[in-house]
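Source: prediction; values computed, not measured. In what follows, every chain begins at residue 1, and chains take the letters A, B, ... in the order their sequences are listed.
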Amino acid sequence: MARTLITSAIPYINGIKHLGNLVGSQLPADLYARYLRARGDDVMFICATDEHGTPAELAAAKAGKPVAEYCAEMHEVQAELGRGFRLSFDHFGRSSSARNHQLTQHFAVRLWERGYIEERTERQMYSRADNRFLPDRYIEGTCPNCGYEKARGDQCENCTKQLDPTDLINPRSAISGSTDLELRETKHLYLLQSKLRDELDRWIDSKTDWPVLTTSIAKKWLHEGEGLKDRGITRDLGWGVPVQFPGAPWSGMEGKVFYVWFDAPIEYIACTAEWADFHGLEEHEWRRWWRLDEGAEDVRYVQFMGKDNVPFHTISFPATIIGSGEPWKLVDYIKSFNYLNYDGGQFSTSQGRGVFMDQALEILPADYWRWWLLSHAPENSDSEFTWENFQTSVNKDLADVLGNFVSRVTKFCRARFGEVVPAGGEWGDTERALVAEVERRVRQYEAHMDAIEIRKAAAELRAIWVAGNEYLQTAAPWAVFKTDPDRAAAIIRLALNLVRLHAILSEPFIPDGAGALFTALKTDAKAWPGDIAEALGALPPGHAFEVPDVLYRKITDEERAAWQERYAGKR
RNA sequence: GGGCCCGUAGCUCAAUUGGUCAGAGCAGAGCGCUCAUAACGCUUUGGUUGGGGGUUCGAGUCCCUCCGGGCCUACCA
């Protein structure tokens, strides 16, 4: 049995993600996971919340809660939204877990022992009022270049000049506004990625099947300027994985934690361990997914992420793994996405512009969003969400082409033969032609899904739905019934079986709708179709079913206009 | 300022290594059907593939340039 490890980029803890975030990682990863499971593969689908770092601390402070409590709450919020969108994670973990603490410290020690980590002393701004070191971007002041008064310590947003916090005139803490700042010496650990450059370069070169978007970003980091830069992997923060711990090969690192981008990808591994813990399984059960020496040699590992995350997955995380010298599984394929824009601009959390995951589910069930987002996934370039497009796609594809097909078939059958698969009649040329077309399209659909060509897969799936309507139109059972009821029975029997096939094929995209169809058809026969002619005979004459409720309702012009107005932003 | 990606019918997107009049869905037009969520089917109208130049027997597909988006990254005189 093929084994596939799938990870979605882990969403940051400080707030609810918008639809662009969703379609950039979690949703397509879920589609792929569901598809492979349906094909009978052994799948491990992992996601988690990314909880460390200064933004989390600040968000907690703003909410007036201890950061641990804040993160626990937000984790549950995001987990619930994931369930709402039917994201079928095998485990949705937390980067703050004990497992991640252990593994992150483990990797750090290994890297140190092998000479890939070194201590460096540097000077950093410290705020006495806030009682903490401040990251560059949390220092504000007047730009020495253009005079802009709200320049950040890393860059002036007004003139785009790169800055050091010490360049700023009248520097102050962006957190408290305090000007009681001073430079203090502090010691940090650096990951010596530059030592691994050639190895990473060869590794990237071997990935000839990766999208240009992915490899070009990786190459850029490897070869830009003087080449791959070493990265500081520790920060002066209270919330995170402690750098100083029993058994640590360094000293004097109290009060420091690992940088969020060091521990976050390690959470992919730790989360799998969390999965095993949750289910009371042995260590081997999760290690067989990750350790090449413990059973993972036949695992294919696929990552999903937005393009902004590519550097960390092509450079930083692989450097951590390779540098460890231990046989951990490296990623085999990276599926990266461009951005989804919102109605002519970008999604904006601060301006309340665009639709966020919680709002989306308040408006419509998950399937509507899943279908639109996946069938318009920004695979080749940035794409755009507009309410008009959303309305027409959902109404046309889900309500008309698929939903109405189910409706006309089941209701016709009920009216003429009762709620049971009718007996009698045989297939003719029309049926054989339909089977041939569906056979061809299903194989094409599989090919697109195997290649994770999401929009193409969606288009092919839709074409299969359309084939059902074409067949009905040609076979015209309502006309045939008047003179040859047996013949009409054969047509409807095939059509009902086609509904079952639709349910199986569509489940990765629209799991709720697929579930409703299986329920209506009163069947548990959900196996992926091999021979199509055979699959279209799975529901035998005499099999009872019931006419389902309207599968997908339509979005009205009034609703569309109201939503357009409500989420336009500028609160 | 560099590096990379993109700009294809009104809209959203396709077009194997450059090669049979540039395709699909939606929208528009016409016809058909009546089982169905006023749904479905068939036919059909739209593009000098951002502008200009070049290479080639032949370019949306390669090169140069300009315009317009996006991403990454940096201030070398």
**Item:** Base partner of B/G58, which must satisfy Watson-Crick or wobble distances under 3.5 Å
**Value:** none

**Complete:** Under a 4.0 Å heavy-atom criterion, the protein footprint on nucleotides 36-46 of chain B, written with B, S and -, is BB-SBSS----

**Request:** Would you kindly give the CZ-to-C1' distance between A/R231 and B/U73, to the nearest whole Å?
**Result:** 13 Å

**Request:** Check whether any side-chain heavy atom of A/D230 sits under 4.5 Å from a side-chain heavy atom of A/Y116, and report yes or no.
**Result:** no

**Request:** Could you tell me how the ring of A/F385 sits relative to the ring of A/F390: parallel (under 30°), tilted (30 to 60°) or perpendicular (over 60°)?
**Result:** tilted

**Item:** Test: A/R86 and A/D512 ion pair at under 4.0 Å
**Value:** yes

**Message:** Would you measure the distance from the P atom in B/U48 across to the matching atom in B/A22 and give it in whole Å?
**Reply:** 12 Å

**Request:** Please determine if A/E118 and A/R120 form a salt bridge, counting it only when a charged side-chain N lies under 4.0 Å from a carboxylate O.
**Result:** yes

**Complete:** Whole-Å distance, A/N395 CG to B/C26 C1', equals 12 Å

**Request:** For A/Q391 and B/G25, give me the distance from atom CD to atom C1', rounded to whole Å.
**Result:** 16 Å

**Prompt:** Over how many whole Å does the gap from A/F312 atom CZ to B/C72 atom P extend?
**Reply:** 10 Å

**Prompt:** Taking CD1 from A/I464 and P from B/G25, how many angstroms apart are they, rounded to a whole number?
**Reply:** 15 Å

**Request:** Answer yes or no: does atom CD of A/E362 have more than 12 heavy-atom neighbours from other residues, nucleotides or ligands under 6.0 Å?
**Result:** yes

**Request:** In whole angstrom, give the distance that lies between atom NZ of A/K456 and atom C1' of B/G23.
**Result:** 12 Å

**Item:** Pairwise C1' distance, B/A77 and B/C71 [rounded to whole Å]
**Value:** 28 Å

**Fill in**
Syn within 90° of 0, anti beyond: B/G46 is syn

**Asked** Roughly, in whole Å, what's the span from CD in A/E379 to P in B/A15?
**Response** 10 Å

**Item:** Test: A/D332 and A/R300 ion pair at under 4.0 Å
**Value:** no

**Item:** Cationic tip of A/K307 above A/Y339 ring, under 6.0 Å, 45° of axis
**Value:** yes

**Request:** Between B/G70 and B/U12, how far apart are the P atoms? Round to whole Å, please.
**Result:** 15 Å

**Request:** Hunt down the Watson-Crick or G-U wobble partner of B/C4, both distances under 3.5 Å, from any strand shown, or write none.
**Result:** B/G70

**Atom P, compared across B/C13 and B/G54: separation rounded to whole Å** = 33 Å

**Message:** Quick check on B/C4: is either OP1 or OP2 less than 4.0 Å from any side-chain nitrogen or oxygen of A/K307?
**Reply:** no

**Asked** Does any non-hydrogen side-chain atom of A/E507 lie less than 4.5 Å from one of A/L505?
**Response** no

**Fill in**
When rounded to whole Å, the NE2 to C1' distance for the pair A/H448 and B/C13 reads 14 Å

**Prompt:** Does B/C11 pair with anything, Watson-Crick or G-U wobble, both distances under 3.5 Å, and if so, with which nucleotide?
**Reply:** B/G25

**Message:** Is there a side-chain contact between A/H313 and A/V331 in this structure, where contact means two heavy atoms from C-beta onward sitting under 4.5 Å apart?
**Reply:** no

**Message:** Let's go through A/Y471 and A/E431 carefully: what are the C-alpha distance in whole Å and the side-chain angles of both, what is the deciding distance for side-chain hydrogen bond (donor to acceptor under 3.5 Å, both in side chains) to 0.1 Å, and is it a yes or a no?
**Reply:** CA-CA 8 Å; A/Y471 167 69; A/E431 286 67 36; 2.4 Å; yes

**Request:** Go ahead and name the base partner of B/U48; Watson-Crick or wobble counts if both distances stay under 3.5 Å, otherwise write none.
**Result:** none

**Message:** I want to confirm an ordering. Mapping A/T392 and A/K482 to their closest nucleotides on RNA chain B, which one lands closer to the 5' end?
**Reply:** A/T392

**Asked** Given the C1' atoms of B/A9 and B/G23, what is the spacing between them in whole Å?
**Response** 11 Å

**Prompt:** Distance between the C1' atoms of B/C11 and B/G30, in whole angstroms?
**Reply:** 22 Å

**Message:** Let's test this: given Watson-Crick or G-U wobble pairing with both distances under 3.5 Å, identify the partner of B/A77.
**Reply:** none

**Request:** Report, as yes or no, whether the 6.0 Å neighbourhood of atom CG on A/D557 holds more than 12 heavy atoms from other residues, nucleotides or ligands.
**Result:** yes

**Item:** Distance, C1' atom - from B/G10 to B/G52, rounded to whole angstrom
**Value:** 26 Å

**Item:** Atom C1', compared across B/U17 and B/G58: separation rounded to whole Å
**Value:** 16 Å

**Message:** Please determine whether a side-chain nitrogen or oxygen atom of A/R462 lies at a distance below 4.0 Å from atom OP1 or OP2 of B/A24.
**Reply:** no

**Fill in**
Pairing partner of B/A36, by Watson-Crick or G-U wobble and under 3.5 Å for both distances, is none

**Request:** Indicate for each nucleotide in nucleotides 6-12 of chain B, in 5' to 3' sequence, whether protein heavy atoms under 4.0 Å reach the base (B), only the sugar-phosphate (S), or nothing (-).
**Result:** ------S

